[in-house]
Amino acid sequence: MDGFELEWQRILAALGQALTIDLVCHISPDADALGSALAAGLALRSLGHGVRVSFGDDPQVVPESLSFLPGQELIVPAAAVPDEPELVLCLDTASEGRLGLLRDKAFAARTLVVLDHHASNPGFGTHRIIDPAAPATAVLVDELLRRLRVPLDRDLATCLYAGIATDTGSFKYAATTPATHELAGRLLATGIRHDLISRQLWDTASFGYLKVLAAALDRAAYEPAAVGGRGLVWTWVPYQDLVLYGVPVEELEGLIDILRKPAEAEVALVLKQDPDGTLRGSCRSKGAVDVAAACAAFGGGGHTSAAGFSVRESVPAVLAAFRAALDD
């Protein structure tokens with residue numbers, strides 16, 4: 001029996017014994033994080049477990065682009081999670097710092113189960129399945145559902161499809177495999193409207209977003225000598241822009257995918273400012289540079305080609321440290 005199989009058996013045994021399960025994902029959740037948590041939560045609820053889903057932001061905001069995900073009645077504020085939970089199932093969280101307000105509560109749990117696909121994950125938790133070969137954490141949740149013998153329905157499929165589609169870049173990233181498409185086919189067979197899901201995820205925004213986008217692109221800078229001569233393109237979005245145009249920071253999730261387009265730059269970085277001055281960094285590379293390692297310098301992490309972090313520093317200080325981390 002290999003290590004993964006033995007760990008899966010331990011996880012199933014722990015879940016089976018738990019009366020109440022708290023499912024948590026990373027702060028500022030994307031479709032893979034929240035979709036995975038909601039799908040697992042719906043499945044566990046169907047088996048009779050008490051279930052809460054949460055993430056450690058305050059205020060806790062579900063992005064409008066994810067408002068269609070089923071199961072959101074399971075979501076509770078971070079404060080509603082017990083200080084010492086019975087069992088925490090942590091999904092799509094590359095480092096303990098990305099748990100935000102739920103970090104201490106998760107580590108106080110009797111059992112902390114981690115399902116993740118980030119290569120930078122250090123391996124926290126009492127039980128863990130960390131599979132960097134998986135294109136999305138939603139793939140691991142599909143495996144969990146199979147092992148729990150919970151059949152796919154439209155609600156589960158919607159949550160899982162949203163996670164897989166976003167983390168594969170609509171099935172165009174290198175991590176996409178034949179098995180990924182086979183899973184997508186099984187999800188589509190439940191009758192979900194993938195066209196409507198895709199429209200909500202990528203093709204719907206407020207008019208204010210266009211104004212913030214225009215300002216961010218006007219502010220963009222290209223540094224050809226950075227990253228050992230491979231090039232860096234970066235921009236930042238001050239909180240004042242968000243207030244001026246009435247745009248929540250969560251709506252800017254796709255800005256990095258626009259900024260990464262220039263052929264001249266290997267690495268792209270977007271810094272988004274919160275009301276308290278915290279900068280949320282999102283970065284991408286075209287594959288030649290490990291941006292997860294650079295983000296680790298700020299307590300963040302992710303994948304070789306896509307990673308993020310949050311830090312309380314000035315824009316010039318973050319840029320200087322980021323450049324240095326990329327050159328290490």
Side-chain angles (χ1 to χ4, degrees), residues 23 25-43 53-55 57 59-75 91-92 117 135-142 145 152-173 175-176 180-181 183-214 216-217 237 242 245-261 270 272 280 282 284 302 306 308:
L23 299 100
C25 60
H26 63 71
I27 56 176
S28 304
D30 57 10
D32 192 28
L34 191 58
S36 293
L38 291 173
L42 288 169
V53 173
S54 190
F55 51 96
D57 287 303
Q60 190 186 71
V61 178
V62 174
E64 181 62 29
S65 63
L66 303 183
S67 61
F68 67 93
L69 290 177
Q72 294 192 41
E73 70 277 5
L74 301 177
I75 298 176
L91 298 129
D92 198 48
H117 72 128
T137 296
V139 172
L140 303 179
V141 175
D142 174 67
L145 268 53
L152 287 173
D153 60 21
R154 289 189 182 186
D155 285 351
L156 294 172
T158 296
C159 291
L160 295 179
Y161 186 88
I164 294 166
T166 52
D167 264 32
T168 60
S170 294
F171 306 96
K172 66 186 178 185
Y173 294 161
T176 305
T180 313
H181 287 289
L183 172 54
R186 287 196 286 112
L187 299 176
L188 291 176
T190 66
I192 61 173
R193 288 288 303 275
H194 66 285
D195 56 331
L196 299 183
I197 293 172
S198 296
R199 183 186 307 166
Q200 187 72 22
L201 288 172
W202 292 290
D203 297 330
T204 303
S206 65
F207 180 73
Y209 167 78
L210 298 181
K211 305 295 283 186
V212 173
L213 173 62
L217 294 180
V237 179
L242 302 178
Y245 296 113
V247 176
V249 68
E250 293 78 19
E251 196 169 349
L252 301 181
E253 186 70 28
L255 174 55
I256 185 64
D257 293 316
I258 298 173
L259 200 71
R260 71 194 291 265
K261 290 179 180 291
V270 172
K272 297 162 287 188
R280 307 188 195 190
S282 298
R284 300 287 187 271

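All heavy atoms count here, side chains included; hydrogens, waters and symmetry mates do not.
With a 4.5 Å cut-off on side-chain heavy atoms, Asp92 and Asp30 count as touching. In this structure, the side chains of Val139 and His117 stay at 4.5 Å or more apart for every pair of heavy atoms. Counting heavy atoms from C-beta on, the side chains of Leu183 and Ile164 come closer than 4.5 Å. Residues Pro248 and Glu64 fail the side-chain proximity criterion, which asks for heavy atoms closer than 4.5 Å. By the 4.5 Å heavy-atom criterion applied to side chains, Glu73 and Leu42 are counted as neighbours. Looking only at side-chain heavy atoms (C-beta outward), Leu38 and Leu156 stay at 4.5 Å or farther from each other. Looking at heavy atoms from C-beta onward, Leu152 lies in side-chain contact with Leu160 at the 4.5 angstrom threshold.
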Worked check of side-chain contact (heavy atoms from CB on, under 4.5 Å) between Phe68 and Leu201: CA-CA 9 Å; Phe68 67 93; Leu201 288 172; 4.0 Å; yes
With side-chain contact (heavy atoms from CB on, under 4.5 Å) as the test, would you mind laying out the steps for Phe55 and Val62 before giving the verdict? CA-CA 10 Å; Phe55 51 96; Val62 174; 4.2 Å; yes
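Within the model, atoms CG of Asp142 and OH of Tyr161 stand 14.5 Å from one another, a figure rounded to the nearest 0.5 Å. Separation of atoms CD1 (Ile192) and CD1 (Ile197) is listed at 4.0 Å; rounding is to 0.5 Å. We find the CG-OH distance between Leu242 and Tyr209 to be 12.0 Å, quoted to the nearest 0.5 Å. Note that CZ of Arg193 and CD of Gln200 are 13.0 Å apart. Values are rounded to the nearest 0.5 Å. Here the CG atom belonging to Leu252 is positioned 11.0 Å from the OG atom belonging to Ser28, to the nearest 0.5 angstrom. Tyr173 contributes atom OH, which lies 6.0 Å from atom CZ of Arg284 (distance to the nearest 0.5 angstrom).
Across Leu145 and Ala39, no two heavy atoms sit closer than the pair CD1-O, 4.4 Å. Residues Pro70 and Thr158 approach most closely at CD-CG2, 3.7 Å, considering heavy atoms. When all heavy atoms are compared, the tightest approach of Ser36 to Ala138 is OG-N, 3.2 Å. Minimum interatomic distance between Trp202 and Ser170 (heavy atoms only, all atoms of both residues): CH2-OG, 3.3 Å. In terms of heavy atoms, Ser67 sits closest to Gln72 at O-NE2, 3.3 Å. Across every non-hydrogen atom of Leu23 and Ala40, the tightest pair is CD2-CB, 3.5 Å.
When atom types are taken as modelled, the side chain of Thr137 and the backbone of Asp32 share no donor-acceptor pair closer than 3.5 angstrom. For Thr190 (side chain) and Leu187 (main-chain N/O), a donor-acceptor pair under 3.5 Å exists by modelled atom type. A donor-acceptor contact shorter than 3.5 Å is absent between the side chain of Glu250 and the backbone of Val61.
In the displayed structure, Arg186 atom CZ is contacted under 6.0 Å by more than 12 heavy atoms of other residues, nucleotides or ligands.
With hydrogens and angles left out, the side-chain atoms of Glu253 and Ser65 include no donor and acceptor closer than 3.5 Å.
Arg280 pairs in a side-chain contact (heavy atoms from CB on, under 4.5 Å) with only one of the listed residues (Ile27, Val249, Val237), which is Val249.
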